[in-house]
Amino acid sequence: MSERPPSGRTPSRWEEITAADPGHSTWYVERFRAMEAKGQDIVGEARLVDAMLGRGGRVLDAGCGLGRLGGYLHDAGHVVVGVDVDPVLIGVAEEDHPGPTWLVGDLAELDLPSRGVAADFDVIACAGNVMTFLAPSTRESVLAGFAAHLAPTGRVIVGFGADRGYEFPQFLADAAANGLRVDLLLSTWDLRPFTDDSDFLVAVLSRAD
């Protein structure tokens, strides 16, 4: 277990993992680079996000990691801002995918206007099981932050797997309690329908107001 960050904020589960294993971020980067080198599809989530946007859409890649999704969306013609708590991953994103705005930051304290970035995103994408790497006590703050950073007709798309400590019904209840409503539930990023037996959730949400 890591100590709390100097600010006194609650560390995410990801930060606790990397504090216990300083090489974890590098391992994560090399894992995805190896997958890409083998020709595996590592941007399927981004293709779905792209389909939700007109050209030049504003995208927040929330928990952007090494920039695989945000980089693809930038190349597709969108304006991308990526935020991740891990400075190692942000450094890789800057190196591998120049063009988007990459920021180190805690999603639980998301306040992009204070950093000179407008809070009017057409899509906020939160892929890669990011929601399950948050500290449980900050999940609702993250969802409220997503709602606050959406354009009036913007949408949030979140994907994560079952049996990772965040039950799907609880996630949906938390989203509803923090200004988001369900537009569509899927079980995969390639548009297969969600059922009670699904082991993965892709939720498309919009502002409740």
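Predicted model only: the values in this text are computed from it and were never measured.
- A salt bridge between D61 and R68 is absent, with no side-chain N of the basic residue lying under 4.0 Å from a carboxylate O of the acidic one.
- The existence of a salt bridge linking E30 and R33 is confirmed by a sub-4.0 Å separation between a basic side-chain nitrogen and an acidic carboxylate oxygen.
- One finds the CG atom of D21 at 14.5 Å from the OH atom of Y28 (value rounded to the nearest 0.5 Å).
- Side chain of R58 to backbone of H78: no donor-acceptor contact under 3.5 angstrom is found.
- Linking Ile, Leu, Val, Met, Phe, Trp and Tyr residues whenever their side-chain heavy atoms come within less than 4.5 Å leaves M52 and V182 in two separate clusters.
- Heavy-atom minimum distance, W189 versus A127: CZ2-CB, 3.8 Å.
- Of the possible donor and acceptor atoms, one in the side chain of N129 sits under 3.5 Å from a partner among the backbone N and O of G161.
- Listed for the H24 side chain is no donor-acceptor partner under 3.5 Å among the backbone atoms of I17.
- Contact between L110 and G145 at its shortest, heavy atoms only, is CD2-O, 4.3 Å.
- Using modelled atom types, one finds no donor on one side chain facing an acceptor on the other under 3.5 Å when comparing T195 with D197.
- A donor-acceptor distance shorter than 3.5 angstrom exists from the side chain of R13 to the backbone of T132, with no hydrogens or angles considered.
- Ring centroid separation for the pair F160 and F168 comes in under the 6.0 Å cut-off.
- At a threshold of 4.5 Å between side-chain heavy atoms, the hydrophobic network of Ile, Leu, Val, Met, Phe, Trp and Tyr places V83 and W102 in two separate groups.
- With a 4.5 Å cut-off on side-chain heavy atoms, V202 and L184 do not count as touching.
- Side-chain N or O atoms of E109 include none that pairs as donor or acceptor with a backbone N or O of D106 at under 3.5 Å.
- The CD atom of E15 sits 10.0 Å away from atom CG of L134, with the distance rounded to the nearest 0.5 Å.
- The minimum heavy-atom distance linking A177 with E140 is given by the pair CB-OE1, 4.1 Å.
- Taking a 6.0 Å sphere around CZ of R192, one finds it holds 12 or fewer heavy atoms contributed by other residues, nucleotides or ligands.
- Listed here is the closest heavy atom pair of C64 and I90: SG-CD1, 3.5 Å.
- Judged purely by atom type and a 3.5 angstrom limit, H149 uses its side chain to pair as donor or acceptor with the backbone of L112.
- A distance of 10.5 Å separates CD of E45 from CG of D190, quoted to the nearest 0.5 Å.
- Panel note: side chain T138, backbone S141; no donor-acceptor pair is recorded below 3.5 Å.
- For the residue pair Y72/D50, the side-chain donor-acceptor check at 3.5 Å is not satisfied.
- A salt bridge is absent between R31 and E36: the closest approach of a Lys/Arg side-chain nitrogen to an acidic carboxylate oxygen does not fall below 4.0 angstrom.
- Under the 4.5 Å side-chain contact rule for hydrophobic residues, F121 and L53 do not share a cluster.
- The pair R155-D122 does not meet the salt-bridge criterion, since no charged nitrogen lies less than 4.0 angstrom from a carboxylate oxygen.
- With a 4.5 Å cut-off on side-chain heavy atoms, L143 and L180 count as touching.
- The closest side-chain heavy-atom distance from L201 to L185 is below 4.5 Å.
- Judged by a 6.0 Å distance limit and a 45° cone about the ring axis, R139 is not positioned over the six-membered ring of F171.
- In this structure the side chain of V85 never reaches within 4.5 angstrom of the side chain of V104, judged on heavy atoms.
- Linking ILVMFWY residues whenever their side-chain heavy atoms come closer than 4.5 Å, directly or via other members, places M35 and L66 in the same cluster.
- The two residues F200 and G159 make their nearest non-hydrogen contact at CZ-C, 3.7 Å.
- The number of heavy atoms from other shown groups lying within 6.0 Å of CG (D209) is above 12.
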Let me see the working for D111 and R115 under side chain to side chain contact (heavy atoms under 4.5 Å, CB included), right down to the final yes or no.
CA-CA 7 Å; D111 182 6; R115 302 177 73 169; over 6 Å; no

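- Cluster membership check: L73 shares its hydrophobic cluster with I157, using side-chain heavy-atom separations under 4.5 Å among Ile, Leu, Val, Met, Phe, Trp and Tyr.
- Nearest heavy atoms, L205 versus D183: C-OD2, 3.9 Å.
- Remark: side-chain polar atoms of S198 are not paired, donor with acceptor, to backbone N or O of S187 under 3.5 angstrom.
- Note that CG of L150 and OG of S206 are 8.0 Å apart. Values are rounded to the nearest 0.5 Å.
- Between R164 atom CZ and D199 atom CG the span is 11.5 Å, to the nearest 0.5 Å.
- Atom CG of residue L48 and atom CG of residue L186 lie 7.0 Å apart, to the nearest 0.5 angstrom.
- For S25, the side-chain contact (heavy atoms from CB on, under 4.5 Å) test picks out W14, T18, D86, V88, L89, with sequence neighbours left out.
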